Structure formats: C-alpha cells, structure tokens
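Just so it is clear: chains get the letters A, B, ... in the order the sequence lines come, proteins before strands, and each one is counted from 1. Because the structure is a prediction, the values reported are computed rather than measured.
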2 protein chains.
Amino acid sequence: MTDHAAASSFCCADHSGTANAQAILTQAEDRAKARGVRLTPVRRRTLEILLQAHVALGAYDVLERLGAEGFGSQPPVAYRALNFLVEHGLAHRIRRLNAFTACAHPGEEHRAAFLICEACDSVTEAPARLVSDALALAAAEAGFRLERATIEAVGLCAACQRASA
Amino acid sequence: MTDHAAASSFCCADHSGTANAQAILTQAEDRAKARGVRLTPVRRRTLEILLQAHVALGAYDVLERLGAEGFGSQPPVAYRALNFLVEHGLAHRIRRLNAFTACAHPGEEHRAAFLICEACDSVTEAPARLVSDALALAAAEAGFRLERATIEAVGLCAACQRASA
DNA sequence: ATATCTAATGTTATACCATAACAGTCAAGG
DNA sequence: CCTTGACTGTTATGGTATAACATTAGATAT
Ligand SMILES: [Zn+2]
Ligand SMILES: [Zn+2]
Ligand SMILES: [Zn+2]
Ligand SMILES: [Zn+2]
C-alpha cells in the first residue's frame with residue numbers, strides 16, 4: 001500500500017488533483033464555514049495532501065507528509081484529521097484499500113460509488129444516485145432501515161483498459 | 001470486535017445457522033466438487049464455524065476456534081481457509097467489519113449486498129441484482145470495466161427497529 | 001508399490017492499520 | 001483576565017493481515 005503514491009504517476013482519472021484542486025479546496029472551506037466547523041491547519045493541509053495525490057492515501061502516508069511539515073507525527077494526528085474530513089463530507093474512506101481520498105464534489109449532498117482500478121490504483125468517485133436508490137429498495141424489502149452505505153467497485157479504469165489492449 | 005460472537009445471542013435474521021446450516025454445508029460440498037477443489041478439514045470446519053455463528057466473525061475469532069480444535073493456531077491458517085471460502089463463493093468478506101460470514105446461497109452465482117445492523121451486529125445477505133445492475137451502469141458511464149464490487153449497507157435490522165420503538 | 005510432484009498445512013516473524021488515554025495548547029465568551 | 005471546550009500532540013497498545021519457509025499429505029506416473 002505504501003508505494004501507491006509513487007506508482008502510476010500519469011494515471012487515468014480526473015481526480016488528478018492540481019487541475020481543480022484549488023476550486024475544491026475553496027468549496028471545502030465554504031462548506032466548513034456553513035457547517036460551523038473549523039478547517040484548521042492540519043485539517044486543511046490533510047485535505048490538500050489528499051487532493052494532490054492521484055490515488056487514495058493510507059493514513060500513514062498522510063501522516064508521513066504531515067510529520068515532515070512540522071505537524072504531529074503520530075498516528076492519531078492523521079486519523080483525527082482524516083476522520084474529520086470524512087465526517088464533514090470533504091473526503092471519503094475507501095474501505096477496500098484502507099485509504100482515504102478527497103471528495104470530488106464537496107458542497108453537494110451525495111452518495112457516491114467508488115471505482116477502483118486494479119492496475120493503477122486510481123479511485124474515481126462516481127455518482128451513485130441510482131445505485132443508492134436500488135440499494136434502499138433492497139434494504140426496504142428486508143425491513144432494514146438504511147443509514148448509509150459503502151459501494152466500491154473493482155475493475156479496470158478506461159485508461160488502463162486502453163493500455164492493456 | 002472480539003465480543004460480537006458473545007453479544008446478541010438471540011438476534012434477528014435467518015442466518016442464525018443451525019436451521020439450514022446442514023443444507024448449506026451440503027450445497028457447499030457439491031459446489032466444491034463441481035469446481036474441482038478440495039473442501040479439506042480446516043476449510044470445512046471453518047465454514048461450519050461461520051455457519052454456526054450468527055454474526056460475522058473476524059479471522060482471529062475463527063482462528064481461536066480452529067486452534068482449540070487441534071488445527072493450526074497461527075493467523076495464516078485462518079486467513080487461508082477464509083480466503084479459500086471467499087474465492088469459491090462459500091463465504092463473504094465484510095470489509096466494514098473486517099469479518100467474514102458464510103454465504104447464504106452457495107451454488108447460485110450471485111452478487112450480494114450486505115445489510116449490517118449497527119445495534120446487534122447481524123449481517124444479512126440481500127439479493128443485489130438490481131443494485132449491481134445500477135452499479136454496472138454507472139461504471140460503464142465512466143468507461144470503467146467492472147470486475148466485482150463491495151456493497152455494504154449500515155443501519156438497523158427489522159428486529160432492532162421494533163426493539164427500539 | 002515407490003518415486004515424484006503439487007497442493008495444502010503449519011510455524012515464525014513482521015508489517016500494516018487503528019484507537020485508548022492522557023497532557024499540553026489555543027481560541028473564544030463571560 | 002480567566003474559565004471552558006475544542007484541538008493538537010505524545011506514549012502506548014491493540015487488532016488485522018501477509019511474507020517466507022519448513023513440513024506434510026494427496027495425486028500421478030512409472
Ligand atoms: Zn464525494
Ligand atoms: Zn487504471
Ligand atoms: Zn452469498
Ligand atoms: Zn439488529
């Protein structure tokens with residue numbers, strides 16, 4: 001897991017960061033303000049780190065960067081910042097990878113699905129309205145009251161399909 | 001995680017085990033034979049352990065039981081058996097819980113969603129054809145070739161809703 | 001039957017992921 | 001000011017998972 005960041009440096013999707021990272025960061029600040037929570041330096045920097053990465057990062061990957069920049073260097077520092085971002089819709093946890101990725105659409109309320117490429121480790125956030133609705137239906141049929149869900153697909157991203165063709 | 005097995009001893013769903021456990025075990029044997037793989041003693045016993053549990057079990061929970069019965073007592077013993085069962089459709093991995101549960105419908109090819117109760121830790125396997133289709137569609141729209149997916153819902157099972165009403 | 005090969009099991013050791021508990025710090029609001 | 005609650009940092013520990021290698025059990029082929 002630790003070498004994800006190094007690998008596949010010119011990979012697929014539009015989460016590549018630098019492009020719209022600034023815009024997303026601004027949205028994130030707005031959202032934080034709207035919610036009345038503080039986007040403190042560690043938290044903000046953590047979000048930037050996620051935005052700059054083109055793959056999902058493990059907590060220890062994030063921690064390493066934070067520590068190198070003068071923030072705390074012990075696991076709780078990273079986990080707290082990451083959990084904060086997730087709680088407030090600024091990042092998502094990818095359970096299959098034990099990793100985190102910046103939300104591509106902060107501000108909107110959304111239920112996302114994640115498309116994880118087995119070849120390049122990229123993670124793309126896809127709109128999951130319909131998937132979510134279908135799941136809600138299936139849950140209702142079982143008398144289950146759905147609170148939230150994890151939807152993660154594994155396969156090959158468009159770029160890697162072309163590359164392997 | 002370790003006390004899941006102890007808790008909620010008369011819980012909700014139909015995965016309660018003992019009822020149709022025997023039938024499922026038979027199906028599993030058939031399926032293994034059909035696939036030309038061996039359901040060895042550890043593997044079979046591991047499946048039985050999962051079937052007897054009424055919640056998903058962590059690898060170390062399973063390991064503890066296996067060790068107590070004369071099988072190996074080191075992590076790889078449990079992980080290998082569990083991974084075998086998952087690979088061959090006899091069990092499922094519940095990523096949100098870092099746990100495993102016996103498949104309720106071995107034999108059939110199926111893409112399942114899991115309904116995880118926050119109150120009693122029960123895990124119910126729900127048919128997810130429609131959810132899966134919707135996800136396939138969303139993936140296709142992103143040019144993503146879907147291989148497999150994890151669909152896990154968190155909420156309240158029917159029984160626990162009644163209990164808390 | 002015996003040699004041979006492969007799959008499966010078991011062990012040791014280690015890596016990776018995550019949180020509990022407590023101490024110090026900082027920024028309001030009274 | 002000074003209290004208060006939120007935030008950051010540290011130490012310590014617990015839980016999850018795999019790599020690497022030795023051993024054994026089953027199948028296959030003389
Ligand atoms: Zn998002
Ligand atoms: Zn890719
Ligand atoms: Zn199943
Ligand atoms: Zn329940």
Side-chain angles (χ1 to χ4, degrees), chain A residues 1-6 32-33 35-47 49-50 55-88 90-101 121 150, chain B residues 1-6 32-33 35-47 49 55-88 90-91 93-101 121 150:
Chain A
M1 168 130 321
T2 324
D3 56 351
H4 281 184
K33 201 157 290 173
R35 286 194 163 215
V37 296
R38 294 196 298 147
L39 192 57
T40 61
V42 222
R43 291 167 176 176
R44 190 193 150 98
R45 187 71 195 109
T46 299
L47 180 54
I49 288 169
L50 291 183
V55 293
L57 295 182
Y60 280 72
D61 293 327
V62 171
L63 179 59
E64 199 176 340
R65 288 166 178 71
L66 287 176
E69 296 178 20
F71 293 103
S73 59
Q74 300 306 313
V77 171
Y79 280 102
R80 279 196 290 240
L82 289 165
N83 286 331
F84 170 90
L85 295 175
V86 170
E87 267 170 35
H88 295 94
L90 304 176
H92 298 286
R93 184 170 202 152
I94 310 298
R95 303 210 91 106
R96 183 152 208 125
L97 300 178
N98 293 324
F100 299 81
T101 190
D121 287 320
T150 301
Chain B
M1 167 128 320
T2 324
D3 56 353
H4 281 186
K33 201 157 292 174
R35 285 196 165 213
V37 296
R38 294 196 297 145
L39 192 58
T40 61
V42 221
R43 291 167 176 175
R44 190 193 152 99
R45 186 73 194 109
T46 299
L47 180 53
I49 289 170
V55 293
L57 295 181
Y60 282 73
D61 294 327
V62 171
L63 179 59
E64 199 176 342
R65 289 167 177 70
L66 287 177
E69 296 178 22
F71 293 104
S73 58
Q74 300 306 314
V77 170
Y79 280 102
R80 279 196 289 241
L82 289 165
N83 286 332
F84 170 89
L85 294 174
V86 170
E87 266 169 36
H88 295 94
L90 303 175
R93 184 171 202 153
I94 311 297
R95 301 210 95 105
R96 185 170 281 265
L97 302 177
N98 292 323
F100 300 81
T101 189
D121 287 320
T150 301

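- Between the P atom of C/dA7 and the CG atom of B/L39 lies a distance of 18 Å, rounded to the nearest Å.
- In this structure, A/L66 places its CG atom 12 Å from P of D/dT10, rounding to the nearest Å.
- With rounding to whole Å, B/R95 atom CZ is found 12 Å from D/dT16 atom C1'.
- For the pair A/L57 CG and C/dC16 P, the interatomic distance rounds to 15 Å; values are reported in whole Å.
- Mapping A/R93 and A/R38 onto DNA chain C via the closest heavy atom, the residue that lands nearer the 5' end is A/R93.
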Within the 4.0 Å limit for protein heavy atoms, which parts of nucleotides 9-14 of chain C are touched? Write it as a string from 5' to 3', B for base, S for sugar-phosphate only, - for none.
BBBB--
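- A distance of 8.0 Å separates CZ in B/R95 from CZ in B/F100, rounded to the nearest 0.5 Å.
- Distance CG (A/N83) to P (C/dT19): 6 Å, rounded to an integer number of Å.
- Within the 4.0 Å cut-off from OP1 or OP2 of C/dC16, not a single side-chain nitrogen or oxygen of A/N98 is found.
- For the pair A/R96 CZ and C/dC17 C1', the interatomic distance rounds to 17 Å; values are reported in whole Å.
- Here C/dA18 presents its P atom at 11 Å from CG of A/L97, a figure rounded to the nearest Å.
- Nearest heavy atom pair, residue A/A99 against residue A/G58, reads CB-N, 4.0 Å.
- Screening B/L57, B/L90, B/T46 for a side chain to side chain contact (heavy atoms under 4.5 Å, CB included) with B/L82, the sole residue that qualifies is B/T46.
- What you find for A/D121 and A/V55 is that their closest heavy atoms are O-CG1, 3.6 Å.
- Protein atom CG of B/L82 is 10 Å distant from nucleotide atom P of D/dA17, rounded to whole Å.
- Neither OP1 nor OP2 of D/dT18 sits under 4.0 Å from any side-chain N or O of B/Y79.
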Counting only pairs under 3.5 Å, give me each side-chain donor-acceptor contact of residues 67-79 of chain B, with atom names and distances, residues two or more places apart or in other chains.
| from | atom 1 | to | atom 2 | distance (Å) |
| --- | --- | --- | --- | --- |
| B/E69 | OE1 | B/R45 | NE | 2.6 |
| B/E69 | OE2 | B/R45 | NE | 3.3 |
| B/E69 | OE2 | B/R45 | NH2 | 3.1 |

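- Residues forming a ring pair (Phe, Tyr, Trp, His ring centres under 6.0 Å) with B/H88 (at least two apart in sequence, or on another chain): B/F84.
- Remark: the A/T150 side chain and the B/R96 side chain contain an N/O donor-acceptor pair separated by less than 3.5 Å.
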